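First the structure, in the form of structure tokens, and then the observations on it.
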Protein chains: 2
Amino acid sequence: MSEQLADRAAALDAADELAGCRKLFALDDATVYLDGNSLGALPAHVPDRVADVVRREWGELRIRSWGESGWWTAPERIGDRIAPLIGAQAGQVVVGDSTSVNVFKAVVAAVRLADPTRTEIVVDATTFPTDGYIAESAARMTGKRIVPVDPEELTGAVGPATAAALVNHVDYRTGRLHDLPSLTAAIHRAGALAVWDLCHSAGALPVGLDEHRVDLAVGCTYKYLNGGPGSPAYLYVAERHQGAFDSPLPGWTSHADPFAMTPGYRPADGAVRGRVGTPDILSMLALEAALDVWDGVSPAAVRAKSLALTDFFLQCVESYVPPGRVECLTPREHARRGSQIALRCEDAPRVMSALIEKGVVGDLRRPDVLRFGFTPLYVSFADAERAARVLSATLH
Amino acid sequence: MSEQLADRAAALDAADELAGCRKLFALDDATVYLDGNSLGALPAHVPDRVADVVRREWGELRIRSWGESGWWTAPERIGDRIAPLIGAQAGQVVVGDSTSVNVFKAVVAAVRLADPTRTEIVVDATTFPTDGYIAESAARMTGKRIVPVDPEELTGAVGPATAAALVNHVDYRTGRLHDLPSLTAAIHRAGALAVWDLCHSAGALPVGLDEHRVDLAVGCTYKYLNGGPGSPAYLYVAERHQGAFDSPLPGWTSHADPFAMTPGYRPADGAVRGRVGTPDILSMLALEAALDVWDGVSPAAVRAKSLALTDFFLQCVESYVPPGRVECLTPREHARRGSQIALRCEDAPRVMSALIEKGVVGDLRRPDVLRFGFTPLYVSFADAERAARVLSATLH
């Protein structure tokens, strides 16, 4: 069985049109890295770019780099690089701050764009916790009430009291993919605004923000976008909302004329309005360089490989692992699956430690979930087979 | 005259106990860099440290670095490195986010710590604009009213309606230093909380946050602290307020047990409560390395040199520059002077361009202010003399 699956992996890798992308990353063959859904691997050319930013742009040009090296316009320029990966036309995405800070901007702005008589913010009850904490603060500060709802029940939960709904595209724990088109439509039918968190989907599958008329969205860049640890997040504001986008964090770099340094705030036009303070250049330009790996790669090809990888991993797990030892929390249906496989396992902390010891790096979500992220740009079918094989040996 | 002042500069440099610090920075003798109050120069050892963070910590250790490389605790660890530079005991400073975002946290938190019947937030009317914009948003979201006041008149302006006052320690435009001890005392006598912005003072002069019982403070790290372009800012929350500190941005990394990932928010104890999202590691660890230049340097010695440098620069300007061509906006009294000299000049944009062309790098604040920042760790008296000489030649 093991030999058959290993052969099958080799055949799948040989036919993989994205196989060539792996060499763009600093990876060693000793490790199967299945934690790119937490921290993406280092693109191999990024260190040289960062060194140039530090030594030449900062060290030699110093203050001149704000203009000459394009530092000042980095947030919107890099936003435009991310835009095609999330199905957005240019001019709607700005990079900066953490995901949490962007959730705050997006939820408060959504409430302010909504009918002011509406009293509720519906929040994905299964969300990554920061979204819930921040939405709660946004609700408190705008005089609204939080209504936590399982995304599967969201369509029935939104209504005439809903100002906005904040939903995760892919659940961080189970890898469950929520149906962005139909949920966005349901939120709109209720007369509310749809805010999507793309942390676990952008870079792993097509998002289609413009096509599905999403209102606002946020996402991080250090998972499938490989921007580096804690790299800046992004904010999408649909063009039709930009004129009325009213940020709770109107920092000076979102001013229409920042260097006039006038006491009165006058917001810039466009996505720039989502900026806040001075952009964090080292992290931002590392991210910009990291995005080069997407040149010529289509989100559709990435999605096809992601599904093939997770299908194959599940097949290997089912073949290798004794029945009953793990329970798959990730939906089988392609339409409901992100790019990770979450397995519930009784002694998950011990198992994950042992896996990491043996070179198979996933992660643990307490108390009992093993997470395996499949980054289509650099994970191979051979990696998937090896991970299942090592998992089986660890569980036997 | 020029020869006398050049000799005097040489004598002052020879006697300068901080002269040895200059070699810690990547500086060339062709340039007189007087813009460290906008972007500090690169400490020479930072590129190697950043390269190690990128190649080894991110590229090789990957996800393990959150624990093994100390990434997770960087915000509070680096906060403790900054603490002595602003007169704070450990455990009260946390690094992360931009200054603007930290102003929002600090002002909202101050309002929440204040007597809820108080209706006003007093804001330094001469402040760097982002503080005013953000304070206005904080006021709007907490139901308070902004009262803009010149810091010179603050003592008479705070009263029983004041919840909090936000003041800049050094005015970014004129270099005027405000009297932190007496203003903090006046704010406290009015029963309000004092929030200080240290962007233009930290690293240039002693601040004494604990000694003067400041309540909350924020500051950037890319000016006199040389952290790099857009490096993360910091937030100081006095220990006595930490238990009641109620952040408007309660992100997951400020949770008491972040990896429990529970839907209910429960804040951590201590300065950690000021954290928000995932820390921006590349920028943060560049900053941490940059702080090494402060080892063995006392803020008092820095202040003494700063005053000597600005005194000497003014003396050179008065000797060299034709009378009436520039007007000094920076107070002469040491007690009211930060670490920069601001000169008003009729054709300031042309003059600053010409100065930069000739290797004297200051900056312009529209419409007519030439700013010259004096960073005691790397600016010499010879630099000050040369800058004044070149300025004079440009103006003749």
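All figures in this text were calculated on a predicted structure; none of them were measured in a lab.
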B:F25 portion near chain A, given a 4.5 angstrom heavy-atom threshold: neither

Residue pairs involving residues 246-261 of chain A (criterion salt bridge (charged side-chain N to carboxylate O under 4.0 Å, His left out); sequence neighbours excluded): A:R112-A:D246, A:D246-B:R140, A:D257-B:R366

Contact origin within A:D28 toward chain B - heavy atom pairs under 4.5 Å: both

Heavy-atom donor-acceptor pair, B:H45 side chain to B:L24 backbone, under 3.5 Å: no

Nearest-0.5 Å distance, OG of residue B:S38 to NZ of residue B:K223: 5.0 Å

Validation row: B:V369, B:R371 side chains within 4.5 angstrom (heavy atoms): yes

Greatest number of heavy atom pairs closer than 4.5 Å to chain A - which of B:E136, B:H255, B:M284: B:H255

Residue selection (most heavy-atom pairs with chain B, distance under 4.5 Å) from A:V50, A:V101, A:T99, A:T262: A:T262

Partners meeting ring pair (Phe, Tyr, Trp, His ring centres under 6.0 Å) with A:Y234 (sequence neighbours left out): none

Side-chain ion pair, A:K105 and A:D97, N-O less than 4.0 Å: yes

B:D383 side-chain N/O to B:V379 backbone N/O, donor-acceptor pair under 3.5 Å: no

Side chain / backbone / both / neither for A:A286 at chain B, heavy atoms under 4.5 Å: side chain

Check: B:N102 side chain, B:S100 main-chain N or O, donor-acceptor pair, under 3.5 Å: no

Contacts with chain A made by residues 355-362 of chain B (heavy-atom distance under 4.5 Å), listed by residue number: B:V361

Which portion of A:V103 sits near chain B, non-hydrogen atoms under 4.5 angstrom: neither

Contact origin within B:V53 toward chain A - heavy atom pairs under 4.5 Å: neither

Proximity breakdown for A:D280 and chain B, heavy-atom pairs closer than 4.5 Å: both

Per-residue contact mode, A:D48 against chain B (heavy atom under 4.5 angstrom): both

Heavy-atom pair count under 4.5 Å with chain B, highest-scoring of A:S137, A:G277, A:G251, A:P229: A:P229

Side chain proximity check, B:P349 to B:M352, heavy atoms < 4.5 angstrom: no

Part of A:S283 within contact of chain B (heavy atom distance under 4.5 Å): both

Largest heavy-atom contact set with chain B, pairs under 4.5 Å, which of A:A260, A:P367, A:S231, A:G132: A:A260

Face-on cation placement of B:R62 at A:Y33 ring, 6.0 Å and 45° thresholds: yes

A:P263 versus chain B, the contacting section by heavy-atom distance below 4.5 Å: backbone

Closest-packed option against chain A by number of heavy-atom pairs under 4.5 Å, given B:S98, B:A233, B:P43: B:S98

Mutual orientation of the aromatic rings belonging to B:W252 and B:F259 [parallel < 30°, tilted 30-60°, perpendicular > 60°]: perpendicular

Contacting moiety of A:L27, where chain B heavy atoms sit under 4.5 Å: both

Polar side chain donor-acceptor pair, A:Y265 to A:S254, under 3.5 angstrom: yes

Residue A:Y222 versus chain B: region with a heavy atom under 4.5 Å: side chain

Contacting moiety of A:T31, where chain B heavy atoms sit under 4.5 Å: side chain

Most contacts with chain A, counted as non-hydrogen pairs under 4.5 angstrom, among B:A138, B:A44, B:G59, B:P258: B:G59

Side-chain (B:T221) to main-chain (B:P232) donor-acceptor, under 3.5 angstrom: yes

Side chain proximity check, B:V149 to B:V123, heavy atoms < 4.5 angstrom: no

Donor-acceptor contact present, side-chain A:T253 to main-chain A:V276, <3.5 Å: yes

Any donor-acceptor N/O pair, A:Q340 side chain to A:R173 backbone, under 3.5 Å: yes

Distance flag, aromatic centroids of B:Y133 and B:F104, threshold under 6.0 Å: no

Options B:V54, B:I281, B:I63, B:T278, ranked by heavy-atom pairs under 4.5 Å with chain A, top entry: B:I63

A:P47 versus chain B, the contacting section by heavy-atom distance below 4.5 Å: both

Residue-level interface, residues 64-75 of chain B with chain A, non-hydrogen cut-off under 4.5 Å: B:W66, B:W71

Contact class of B:P279 relative to chain A, heavy atoms under 4.5 angstrom: backbone

